[in-house]
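What follows is a short report on a single structure.
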Amino acid sequence: MTNSITLTDNDKTTLAVAAHGAIALITAAGVKSAGKIAVAGSLALASATGVVGHALDEKQKGLKLEGKSTAQLADQVFPALTASMRLLKEQDQAAADDFRSTVLTALEAGARAERGGTGPAMTEMIRKITDALDA
């Protein structure tokens, strides 16, 4: 990681909404183990290092994952995932790669916590999250 990355409080909130929101989305797509999925994914996010780790570690005043449905939550999270990748790529491709890897690792950790393995809904949600990261 380079120290030349400058993230505003707004940028950090966007990263947090994206990363924590991705975990919320796969938790919603889980069938049997929502609590375990959320904990495993969140612990994986907590292990992030570098610029991404520091950004996700800070308490975010503007962090609000809203929505009464998975669709409403996705409307907030998917754009945040894409925006996070864009703002990191503008400053440092390695930081963008690290963010993508961190989110995907957290998704994998959450998916492994699902009893009986991931079902079609979770698999599809992971694909959608990956697409948003790569948009």
Side-chain angles (χ1 to χ4, degrees):
M1 285 303 129
T2 178
N3 291 333
S4 65
I5 294 180
T6 304
L7 296 175
T8 66
D9 288 342
N10 231 13
D11 294 340
K12 292 174 188 175
T13 298
T14 299
L15 267 63
V17 166
H20 293 286
I23 299 305
L25 286 171
I26 65 159
T27 299
V31 177
K32 302 174 186 171
S33 312
K36 290 181 180 182
I37 294 165
V39 168
S42 295
L43 287 173
L45 288 180
S47 71
T49 59
V51 172
V52 172
H54 288 290
L56 295 179
D57 187 47
E58 289 185 23
K59 300 287 184 216
Q60 302 298 325
K61 292 179 184 176
L63 179 61
K64 292 180 183 169
L65 296 174
E66 299 174 354
K68 294 183 180 187
S69 70
T70 303
Q72 289 174 336
L73 180 60
D75 288 345
Q76 180 183 11
V77 175
F78 292 154
L81 287 161
T82 302
S84 294
M85 289 298 293
R86 188 176 305 118
L87 71 92
L88 290 170
K89 281 181 185 177
E90 287 173 0
Q91 295 192 49
D92 184 355
Q93 181 64 47
D97 293 343
D98 185 41
F99 179 77
R100 183 180 188 282
S101 176
T102 296
V103 171
L104 293 178
T105 297
L107 294 178
E108 182 179 343
R112 287 185 179 195
E114 174 75 331
R115 280 184 308 184
T118 59
M122 188 182 292
T123 300
E124 179 63 8
M125 186 61 73
I126 292 170
R127 184 197 62 75
K128 289 177 180 179
I129 292 167
T130 303
D131 287 351
L133 286 167
D134 295 341

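The basis for the numbers below is simple: all heavy atoms, side chains too, and nothing from hydrogens, waters or symmetry mates.
- Pairing each heavy atom of Leu73 with each of Ala24, the nearest pair is CD2-CB, 3.6 Å.
- Side chain of Ser47 to main chain of Ala44: a donor-acceptor pair is present (N/O by atom type, distance under 3.5 Å, no hydrogens or angles).
- Applying side-chain contact (heavy atoms from CB on, under 4.5 Å) to Lys89 and the options Met85, Arg86, Gln91 leaves one that passes, Met85.
- Counting all heavy atoms, side chain and backbone alike, Ala18 lies closest to Val77 at O-CG1, 3.8 Å.
- Closest approach of Ala106 and Leu45 over heavy atoms only: CB-CD2, 3.6 Å.
- Side chains of Leu7 and Leu87 form a contact here, defined as non-hydrogen atoms less than 4.5 Å apart.
- Distance alone, capped at 3.5 Å, places no donor-acceptor pair between the Glu124 side chain and the Pro120 backbone.
- Scanning both residues, Leu56 and Ala48, for their nearest heavy atoms gives CD1-CB, 4.4 Å.
- Under the rule for a side-chain contact (heavy atoms from CB on, under 4.5 Å), the partners of Leu104 that lie at least two apart in sequence or sit in another chain are Arg100, Leu107, Thr130, Leu133.
- In this structure, CD1 on Ile129 lies 6.5 Å from CD1 on Ile26, to the nearest 0.5 angstrom.
- Scanning both residues, Thr27 and Ala34, for their nearest heavy atoms gives CG2-O, 3.5 Å.
- The cluster map of Ile, Leu, Val, Met, Phe, Trp and Tyr, joined by side-chain heavy atoms under 4.5 Å apart, puts Met122 and Leu65 in the same cluster.
- By the 4.5 Å heavy-atom criterion applied to side chains, Asp98 and Val51 are not counted as neighbours.
- In this structure, the side chain of Thr14 does not engage the main chain of Ala80 through any donor-acceptor pair within 3.5 Å.
- Using a 4.5 Å heavy-atom cutoff, the side chains of Leu88 and Asp11 are not in contact.
- By the 4.5 Å heavy-atom criterion applied to side chains, Thr70 and Met125 are counted as neighbours.
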Are Arg112 and Glu108 close enough, and set up right, to give a salt bridge (charged side-chain N to carboxylate O under 4.0 Å, His left out), and what steps lead you there?
-> CA-CA 6 Å; Arg112 287 185 179 195; Glu108 182 179 343; 2.7 Å; yes
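- With rounding to the nearest 0.5 Å, the separation of CG in Leu81 from CG in Asp131 is 11.0 Å.
- Of all heavy-atom pairs spanning Val52 and Ala95, the tightest one is CG2-O, 3.7 Å.
- Side-chain N or O atoms of Ser42 include one that pairs as donor or acceptor with a backbone N or O of Ala38 at under 3.5 Å.
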